[in-house]
There are 2 protein chains.
Amino acid sequence: MVQIVLDVGCGIGLLSILCAQAGASKVYAIDASNIAREAKHVVKANNLSDIITVLHGRVEDLQLSEKVDVIISNWMGYMLLQESMLGSVIIARDRWLKPGGLMLPSYATLYLAPVTTNKHRDITDFWRNVEGIDMSAIIPAAKTHAFQEPIVEKVSSENVLAGPCMVKYININRVGIDELESISTEFRFSFMKSASLSGFALWFDVEFNGNLLSPFPIRCRFPFSSADGVPAFGNQRQQTTNLNEALVMSTGPEDPQTHWKQTLLYYLHPKEIEKGQQIEGILTLSKNYRPARSIWIDIQYTLDGRNYFGYNTVMK
Amino acid sequence: MVQIVLDVGCGIGLLSILCAQAGASKVYAIDASNIAREAKHVVKANNLSDIITVLHGRVEDLQLSEKVDVIISNWMGYMLLQESMLGSVIIARDRWLKPGGLMLPSYATLYLAPVTTNKHRDITDFWRNVEGIDMSAIIPAAKTHAFQEPIVEKVSSENVLAGPCMVKYININRVGIDELESISTEFRFSFMKSASLSGFALWFDVEFNGNLLSPFPIRCRFPFSSADGVPAFGNQRQQTTNLNEALVMSTGPEDPQTHWKQTLLYYLHPKEIEKGQQIEGILTLSKNYRPARSIWIDIQYTLDGRNYFGYNTVMK
């Protein structure tokens, strides 16, 4: 079975090589950055130049001489959508994917949950005694500085105060670019325990559709990012799956750490909440153009009938 | 005894407050950045507004209404001179220090030594097997990327291949700004063991002159920077000393880690050297204006009669 694969944002070419090793007859590997030159070296050194063609340029500007059976891409950014290449993946799909062709990953889901962490207390404790001097006067500025932007950090399931809400389910086979301009979701959480509500965590999972994959086992080797600061595709863990099951890569608090960790939206001031209390609101994520490719994040919510206007921030 | 102190680059005001607590009758705390506003809050919260006057501005632009007995400043950057405020400290000294007044720190010394580390091997090993794929073709680019600029990292005394050479001894009581435009030093090392020469490490120490200090014990509490990534003057260790001895703060490989760590200048390719072999050369550090406040580093040397032109790099 001849399979033609397109790797969007190929980087150093790892996914493309895995596809070639898995039996793809032809792989087009595209990257807009200069790393494409390195990918060419790697492909050549692995004697795969007859199968893998590395193209240096933007999806929007390149031409392919044929349609492809599979589009694979590691487009996911922090909080799924940050600096993501999903727009380029969608353009590639619409231009070059054969009818019935396969998108890998096939689905992506973004989650939101309220969390409690020690971060506010750590900042307060730190500044209360610096070399024996009470620097508490710094705390408001220190918190503003620390919390003005989302923080990429690992939390664990103990930090999560309620079952997560699905912010967006993206069917990558069908999603349009316009759907991603602005995502707005209502949420409602019932707190599982009394705690100090620090803010919210966002994370995602992606699914590699198994049923479609039977003839093409590359999903079994989709590499996970490492937890140790090495760029994506360093030190990966691998996951295999039954051929008829989907493979899910999750970056949630209960999962092993990946370089995506979770994305934390912190309040300036934590709020004490009680077990059983409810919080309802709306989260909006919008494409932002200053700085370029950033995401505007807005949360408005009600806690116990009192209106908080929540806050907004920008994920750069 | 009335002591008037000037703190150049006061940041949040920690040193100024320590000076006030140590008995200074008046402290002028200057910072060019907005952090001066926070320093004002801290000073006020500690009821020291009658002693400490925080001035927001550049030394070059401000006026003091009186001369000072002591100038204290944590001006040291990575590799001592990187993004350092020493120029501002010298201007402040020439404008405002009373004859016979005290500079804290009083002396600074920059050191150079050849080192061996695992960094080249780690990079090579990493790329030789990425998910089972030989990515060695990436190694030249990966090394160029990793080693094109100095790296701030901790080495230990086991990494050091020869006794350090003094690059520059700065008497802060007398040094002129022009002396710091370009520093050039000959070095000669005799290797203590056979090893793979990875490059060179730079580090420094500063000395707080004890004899002059007898009436003014603040040197006993000059805070060290922490090793855990917290900004300077977080979590410090303290060091006390006999009143008639100088206090030395060293950031060398054999010392406890500070946020300065050491600054490593790596070769693209390590060189195998033998115990007893000698290396001689010239290190030049020059002020660089693009990017602003960067330092041009040039090393030329001879190893075993063969001329290597060494290399140059910029510390941003």
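Chain naming here is simple, since letters A, B, ... match the order of the sequence lines and numbering starts at 1 in each.
Counting only heavy atoms from C-beta outward, the side chains of B:Val42 and A:Asp134 never approach each other to under 4.5 Å. In this structure, the side chains of A:Gln21 and B:Ile133 come closer than 4.5 Å at one or more pairs of heavy atoms.
The minimum heavy-atom distance between B:Val130 and A:Leu14, with the atom names listed, is O-CD1, 3.8 Å.
Separating the NE2 atom in B:His145 from the CD atom in A:Glu38 is a distance of 11.0 Å, to the nearest 0.5 Å.
For chain B, the nearby part of A:Asn46 is the side chain; its heavy atoms alone come within less than 4.5 Å.
For residues 135-143 of chain A, a heavy-atom distance under 4.5 Å to chain B picks out A:Met135, A:Ala137, A:Ile138, A:Ala141, given by residue number.
Listed by chain and residue number, B:Glu83 satisfy the salt bridge (Lys or Arg N to Asp or Glu O under 4.0 Å) test with B:Arg293 (two or more places apart in sequence, or in another chain).
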